[in-house]
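Scope of the values below: all heavy atoms of this structure, side chains included, with no hydrogens, waters or symmetry mates. Numbered from 1 within each chain, the chains take letters A, B, ... in sequence-line order. Please read all numbers here as calculations on a predicted model, not as lab measurements.
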2 protein chains.
Amino acid sequence: MSLKDEVHQLHAQLCNGLADPIRILILYSLSGGAKHVNELTEEVNVPQPTISRHLKILRERALVRSERKGQYIHYSLADERVIDALDLLRAVMADNFKKHGQLADEVARGSSSK
Amino acid sequence: MSLKDEVHQLHAQLCNGLADPIRILILYSLSGGAKHVNELTEEVNVPQPTISRHLKILRERALVRSERKGQYIHYSLADERVIDALDLLRAVMADNFKKHGQLADEVARGSSSK
DNA sequence: TGCACATATTCGCAAAAGCGAATATGTGCA
DNA sequence: TGCACATATTCGCTTTTGCGAATATGTGCA
């Protein structure tokens with residue numbers, strides 16, 4: 001595989017890190033400030049091992065950073081621009097719905113800029 | 001599933017549309033102007049049925065638009081902001097590499113702004 | 001040290017994705 | 001109509017992904 005293709009491969013993997021509803025919820029949650037795993041578990045409302053599995057994926061793609069603080073491990077966004085990218089895509093989606101007259105309001109609400 | 005979760009599901013599907021190297025190549029190629037399938041086949045250098053399968057996915061996610069022009073079908077970006085989002089993520093990736101001193105140059109080259 | 005809590009990993013499995021090869025559909029033109 | 005070209009779909013298969021349940025690891029404190 002050429003070096004250039006490797007870059008596209010990595011670019012795709014980064015995008016793949018965003019391609020799951022739970023991970024999107026985690027990222028938006030972290031955009032409101034660093035949190036530890038239990039807080040995320042409550043906010044996203046899925047079992048703790050599931051959160052940890054998704055956090056591992058986000059870590060592997062360098063989308064989040066983790067830092068141990070005593071007993072807890074604090075997770076934070078690695079780069080705020082990831083939220084910008086998500087918001088852009090959400091806006092694209094909202095416009096599509098507007099064109100087809102469905103769900104547009106709910107999409108517009110609940111973004112990171114709530 | 002709640003309506004809000006449905007939105008996150010759709011958001012994730014949109015991101016999933018970007019989560020493949022071939023589709024990323026297709027989108028960047030289309031950012032240089034509308035093209036028909038054979039042109040994409042040559043540029044991306046994969047078999048034609050493969051391109052068509054990926055185009056179907058991009059269509060389903062409303063990332064591209066298709067318009068028949070006689071014998072050909074012209075594909076174009078549905079929304080330029082998708083490229084903005086991809087570029088943002090590529091920049092995030094480039095910065096990560098810069099921190100780890102790998103591949104950063106190649107990542108910076110070959111973006112949509114070539 | 002040993003217990004309580006926070007977080008991560010493993011396992012087994014069911015569901016989904018991606019691919020090559022073959023084939024089908026659609027369109028223009030002789 | 002029938003042929004040539006452009007594009008889409010189907011099929012069989014292998015690989016990957018995601019999940020729940022159980023379990024392991026790591027940390028602070030009595």
Side-chain angles (χ1 to χ4, degrees), chain A residues 1 5-6 8-27 29-30 33-76 78, chain B residues 1 5-6 8-27 29-30 33-76 78:
Chain A
M1 196 197 283
D5 285 347
E6 292 235 35
H8 290 118
Q9 179 75 38
L10 290 167
H11 199 171
Q13 271 183 242
L14 191 63
C15 292
N16 190 52
L18 310 175
D20 183 281
I22 292 177
R23 293 200 289 274
I24 289 179
L25 282 168
I26 290 175
L27 290 169
S29 173
L30 291 181
K35 296 197 173 59
H36 58 258
V37 181
N38 269 355
E39 288 176 303
L40 288 170
T41 298
E42 283 183 19
E43 282 203 33
V44 180
N45 201 36
V46 297
Q48 174 267 319
T50 299
I51 290 286
S52 276
R53 257 189 282 110
H54 284 291
L55 284 173
K56 180 181 189 176
I57 291 171
L58 292 171
R59 250 186 291 126
E60 285 168 353
R61 269 85 166 164
L63 288 163
V64 301
R65 289 178 48 82
S66 65
E67 188 183 0
R68 182 173 280 279
K69 285 273 175 62
Q71 188 170 198
Y72 297 81
I73 297 182
H74 286 260
Y75 276 88
S76 54
Chain B
M1 197 195 284
D5 286 347
E6 292 235 35
H8 290 119
Q9 179 75 40
L10 291 167
H11 199 172
Q13 271 182 242
L14 191 64
C15 291
N16 190 53
L18 309 175
D20 183 281
I22 292 177
R23 292 200 289 274
I24 288 178
L25 283 167
I26 290 174
L27 290 169
S29 174
L30 292 181
K35 298 198 173 58
H36 58 257
V37 180
N38 268 354
E39 288 176 302
L40 288 170
T41 298
E42 283 182 20
E43 282 203 33
V44 180
N45 201 36
V46 297
Q48 174 267 320
T50 299
I51 291 286
S52 277
R53 257 188 282 111
H54 283 292
L55 284 173
K56 180 181 189 175
I57 291 171
L58 292 170
R59 248 186 291 126
E60 285 169 353
R61 268 85 167 165
L63 288 163
V64 301
R65 289 179 48 81
S66 66
E67 188 183 359
R68 182 173 281 279
K69 285 274 175 62
Q71 189 169 196
Y72 296 81
I73 297 182
H74 286 262
Y75 275 88
S76 54

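At whole-Å resolution of the value, CG in B:L25 and P in C:dG18 are 15 Å apart. Across the protein-nucleic acid pair, A:Q13 atom CD and C:dG18 atom P stand 13 Å apart, rounded to whole Å. Atom CG of A:D20 and atom P of C:dA15 are 18 Å apart (whole Å). Rounded to an integer number of Å, the gap from B:Q9 CD to C:dA16 P is 11 Å. To the nearest angstrom, C1' of C:dG18 lies 14 Å from CD of B:E60. For the pair A:L58 CG and D:dG18 P, the computed distance is 11 Å after rounding to whole Å.
Annotation for B:A78 and B:A62: closest pair CB-O, 3.3 Å, computed over non-hydrogen atoms. Closest approach of A:L14 to A:R61, counting heavy atoms only: CD1-O, 3.3 Å.
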>> For Watson-Crick and G-U wobble pairs within 3.5 Å on both distances, what is DNA chain C written in dot-bracket notation, | included for inter-strand pairing?
In response: ||||||||||||||||||||||||||||||

>> Does the protein touch nucleotides 3-11 of chain D at the base, only the backbone, or not at all? Give it as B, S and - per nucleotide, heavy atoms under 4.0 Å.
In response: --BSBBBB-

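A distance of 11.0 Å separates CG of B:D20 from CD of A:Q13, quoted to the nearest 0.5 Å. Interatomic distance, CZ of A:R23 versus CG of A:L25, reported as 11.5 Å (0.5 Å rounding).
Under 4.0 angstrom from either OP1 or OP2 of D:dC19 there lies at least one side-chain N or O belonging to A:H54.
The only option from A:L63, A:L55, A:I57 that meets the side chain to side chain contact (heavy atoms under 4.5 Å, CB included) definition with A:I26 turns out to be A:L55.
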With a 3.5 Å cut-off and sequence neighbours excluded, list the donor-acceptor pairs that the side chains of residues 40-51 of chain A form with protein atoms.
from, atom 1, to, atom 2, distance (Å)
A:T41, OG1, A:V37, O, 2.9
A:E43, OE1, A:S29, OG, 3.0
A:Q48, NE2, A:S52, OG, 3.2

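Summarising the local packing, CZ of A:R65 is surrounded by 12 or fewer heavy atoms from other residues, nucleotides or ligands at distances under 6.0 Å.
Residues B:I73 and B:R68 form a side-chain contact, since some pair of their non-hydrogen atoms from C-beta on lies under 4.5 Å apart.
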